[in-house]
Amino acid sequence: MNNVVKVERPSEAANIAVIVIDNPPVNAIGQDVYEGLLTTFESLAKDSSVSAVVIAAAGRTFIAGADIKLLEQAARGEGGRLYLHPLLEIIETFSRPVVVALHGTSLGGGMELAMSAHYRVASPDAQMGQPEVNLGIIPGAEGTQRLPRLVGIAAAVDMCVSGKPIKAPEALRLGLIDRIIEGDLRKGSIAFAREMATRGSHPRTRDRKEKLGSPELNAPIFAAGREQAAKIRRNMKAPLAAIEAIEAASSLPWEQGLDREREIADRCLASSESRALIHAFFAERGVSKIPDIPKDIRALEIRKAAIVGAGTMGGGIAMALVNAGIPVILKDSDQAALDRGMDAIRKNYDVSVKRGRFTPEIVEQRIAQIHPQLGYDGFQDADLILEAVFENLTLKKQIFAELDKIAGPQCVLASNTSTLDIDAIASATSRPERVVGLHFFSPANIMRLVEIVRGAKTSKELVATALALSKKLGKVGVVVGNCWGFVGNRMMIPYMREAQFLVEEGATPAAVDKALYDFGMAMGIFAVDDMGGIDVMWRVRQERKHLDKPGIRKPLMTDKLYEMGRLGQKTAAGWYRYDENRKPIPDAEVEALIRKTSQEAGIPQRSITPDEILDRCLYIMINEGARILAEGYALRAADIDTIYLSGYGFPGYRGGPMWYADSVGLKTVLDRIVGFHRQHGELWEPAPLLRQLAESGRTFASWDADQEKRFAPQ
Ligand code: 3H9
């Protein structure tokens, strides 16, 4: 026992020892929990008055896994790896029944501990899973050996590759748990333990072989698992490693299986993949920590929302809001646009029904919560009014001036602008402190990122409200400063520009996209441009034309495509052409036009390697990221990583652009940028912060660590 592990002897059943783990917020297994449990079991082993043991946890969840901070230290070689084996051994071989009571989300090491017990019971809404793959590791505390023994090979492979938790009824069906306890879980698990104490023997998971299949039966399951991994976890090693460990469970005796698992788990933990994913985990949880905003500041509750603009963004945001239980008024000034918007919403929901995400009844309920209208009726009662019209500052200011007259005094006035000056928009109102940017990403009902643009006068309460709202919508809200393009788009524009220069110099859009896709990006940049709409970027360029500097190289092709009406997917032609399934097909016509245009502009043609494509696309983005950091528009390099991981399809196993730069080595990145600067001129001017860090042998992560010290209360 210690301060995180306690033993209780319930009055109604003094022969049952109830071990309670109380290690908020999620009862992660750190050294204290591990040692507390081990010493508790050692002492209970000597206590003959105990006829059964229940392991339960206090708070909102049973154990959500091993403490990822310890894993991070071990991955960095700064601490020993937590081996749970002695504890699992003592639980499984305990001479009296051990029952685990599961509630909340029992994950990772929590489930591995539960599987070493003789019995598992759960509350009806409990969920269980092995999400280690999300951290680039495997269930390395004997989970790959016990899980298949309980649920069978196919379900074990699926759980370890997908990382998705299953719900209690499914767990019961698979054999992962023994009973669902309706009502009071503590009382129910004690009653269950009393019942089991009357039995002569208790099942040990390690001895169970009936679900382990045979080599012939298992071979196609493993092959299908590898295929699934290639599809949903492209380029990642951890899901394949988990399958390898489950294969060992199916073919080796228990002890040898454990040795094999340990070997594989150590290999994963030492990988760059796991370091990047662990970084991504903490980066995402760090974004809501804003130095000048106290954690306990009151966020306003958003119970009713209104949206101006029923286009793609407005419609997607309306779906995100009603999916989280917030009714929405959807306003447009044009009936036809409103009808199109509602039609698109319906079609999007139809896809969700087809994919089994929602039932038709749920969809009907959600659609009924979206109220389309032409006027401002009901806006005065909205807690949030969000403007989602196209990128035009004059229009947005006009709308905000109108909203200022209608909205209630407490209302959050938000703009979904993706590039424009939020202070200029706020200046159209009499209450700039109530104005914030909420930059959603398309499709807004799916994409997780929201950039929360904090204007010069945006109140702290509003920022806290925007963060809380993002969480309620199941999204990641990242607070950014008010500069052109904010963080994500400010970095994407040079990336897109560089990709276009590459094609002008001899690459094809397909070759550039392939290099990026192979690197791990969800889509190549030309496919992204076609999806977003070439007219959208054209409009953005028009807004900034007055800033163009003479003598600076400008891409030659996109204006041409726009003028040709090749607007991307929506016209079935852009950088690519598209078939009816929206599959991009390289288009000889565009490639010929690129060659002709570049030759006419006197750009020498050469063959370009995938390495050069990657370096130029990624390093230009990283260089811009370093400027953004130095200028204070992002609080941390890790925030930039979170933006790129949750909104721009950057591969998680590379940790985000800034983490990727650290992993390549900032000196290497700088040297390459200096080379490009010499070759391509002004646009490659190295960012002073990048130069400073690289020349002093430092990393963006170390810069972040210094920032945290600066943020810490004195
Ligand atoms: C593992 O178990 C390895 C084993 O196989 C082998 C071991 C030998 N550790 O997400 P939230 C913190 S690997 C440390 O905002 P929610 C989190 O940082 C692990 N800290 O809440 C945050 O802290 P803060 C396998 C953890 O309600 C706070 O808890 N398990 C851990 O939206 C709240 O988190 C996983 O991968 C942890 N394991 O979601 C599960 N988990 O307040 C990872 C959370 O300081 N966790 N924290 O920012 C999750 O998926 C979600 O946190 C969970 C709650 C669903 C549990």
Side-chain angles (χ1 to χ4, degrees), residues 4 21 23-34 37-38 57 59-75 79-88 102-116 125-147 156 159-160 162-167 238 241-242 245-246 258 261-262 264-269 274-275 277-290 295-296 448 467-468 470-477 636 638 642 646 652 708:
V4 291
I21 301 157
N23 186 30
V26 295
N27 292 312
I29 309 180
Q31 210 61 42
D32 282 1
V33 171
Y34 173 76
L37 284 170
L38 194 63
R60 60 171 152 143
T61 184
F62 188 71
I63 300 168
D67 186 337
I68 301 171
K69 290 220 168 65
L70 290 183
L71 295 178
E72 188 185 33
Q73 285 163 11
R81 162 138 122 71
L82 185 67
Y83 283 108
L84 299 187
H85 179 71
L87 173 63
L88 306 185
L102 304 170
H103 76 288
T105 39
S106 308
L107 300 172
M111 274 320 291
E112 295 178 292
L113 180 130
M115 291 189 289
S116 73
D125 57 353
Q127 299 199 29
M128 299 107 203
Q130 300 294 163
E132 285 86 344
V133 66
N134 297 328
L135 301 170
I137 56 176
I138 64 166
E142 307 175 8
T144 63
Q145 307 302 295
R146 284 198 181 86
L147 185 64
M159 284 177 74
C160 293
S162 75
K164 284 199 183 128
I166 57 172
K167 299 194 166 111
I246 296 170
L258 287 191
E261 181 197 81
R262 184 174 295 195
I264 298 169
D266 287 349
R267 187 179 81 207
C268 287
L269 195 54
S274 93
R275 279 197 297 276
L277 285 162
I278 290 173
H279 159 73
F281 177 86
F282 286 117
E284 185 175 320
R285 275 142 190 96
V287 291
S288 58
K289 296 177 178 110
I290 312 298
K295 227 180 159 180
D296 53 3
R448 293 177 66 231
L467 282 165
S470 308
K471 186 142 189 166
K472 186 165 179 185
L473 302 188
K475 300 197 181 291
V476 189
R636 317 166 183 90
T642 302
S646 58
E708 294 302 338

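None of the values given here were measured: they were computed from a predicted structure. Indexing begins at 1, ligand by ligand and atom by atom, following the structure's order. All values below come from the heavy atoms of this structure, side chains included, with hydrogens, waters and symmetry mates left out.
Looking at ligand 1, you won't find any N or O of K69 less than 3.5 Å from one of its N or O atoms. Between I68 and ligand 1, at least one N/O pair is under 3.5 Å apart.
Between atom 8 (C) of ligand 1 and the options V133, V287, L82, the minimum heavy-atom separation is to L82. Between R60, R285, E284, it is R60 that holds the heavy atom closest to atom 21 (O) of ligand 1. Counting only non-hydrogen atoms, the option in G143, A64, G30 that gets closest to atom 30 (N) of ligand 1 is A64. Here the shortest heavy-atom distance to atom 44 (C) of ligand 1, taken over N134, V26, I278, I63, belongs to V26. Around atom 3 (C) of ligand 1, the closest heavy atom drawn from P139, A66, P25 belongs to A66.
Between the side chains of E261 and T144, at least one donor N or O sits under 3.5 Å from an acceptor N or O.
Note that atom 5 (O) of ligand 1 has protein non-hydrogen atoms nearby, at separations under 4.0 angstrom.
Partner of P131 under the side-chain contact (heavy atoms from CB on, under 4.5 Å) criterion, out of L135, V133, N134: N134 alone.
For D32, there are no side chain to side chain donor-acceptor pair (under 3.5 Å) partners two or more places apart in sequence or in a different chain.
The contact set between ligand 1 and G108, taken as ligand atoms under 4.0 Å from a residue heavy atom, comprises 2 (O), 25 (C). Proximity to K289 (heavy-atom distance under 4.0 Å) selects the following atoms of ligand 1: 24 (P), 45 (O), 48 (O). Each of the following atoms of ligand 1 lies closer than 4.0 Å to a heavy atom of G140: 5 (O). Annotation for ligand 1: atoms under 4.0 Å from non-hydrogen atoms of L71 are 13 (S). The A28 neighbourhood of ligand 1 comprises atoms 9 (N), 37 (C), with distances under 4.0 Å to a heavy atom of that residue. Residue E112 has at least one heavy-atom neighbour below 4.0 Å for each of these atoms of ligand 1: 4 (C), 5 (O), 6 (C).
The protein non-hydrogen atom at the shortest distance from atom 53 (C) of ligand 1 is T105 OG1, 4.5 Å.
Minimum interatomic distance between Q130 and P139 (heavy atoms only, all atoms of both residues): NE2-CB, 3.5 Å.
Ion pairing between a basic and an acidic side chain is recognised when a charged N comes within 4.0 Å of a carboxylate O; R636 and E708 show such pairing. Between R262 and E142, none of the side-chain N atoms (NZ, or NE/NH1/NH2) sits under 4.0 Å from a carboxylate O, so this pair counts as no salt bridge.
In I29, neither the side chain nor the backbone holds a heavy atom less than 4.0 Å from any atom of ligand 1. Of all the heavy atoms of Y83, none lies under 4.0 Å from any atom of ligand 1, so neither backbone nor side chain is involved. The side chain of L135, and not its backbone, has at least one atom closer than 4.0 Å to an atom of ligand 1 (non-hydrogen atoms only; side chain from C-beta on).
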* Output, in order, the C-alpha distance, side-chain angles, deciding distance and verdict of side-chain contact (heavy atoms from CB on, under 4.5 Å) for L147 and C160. => CA-CA 9 Å; L147 185 64; C160 293; 3.9 Å; yes
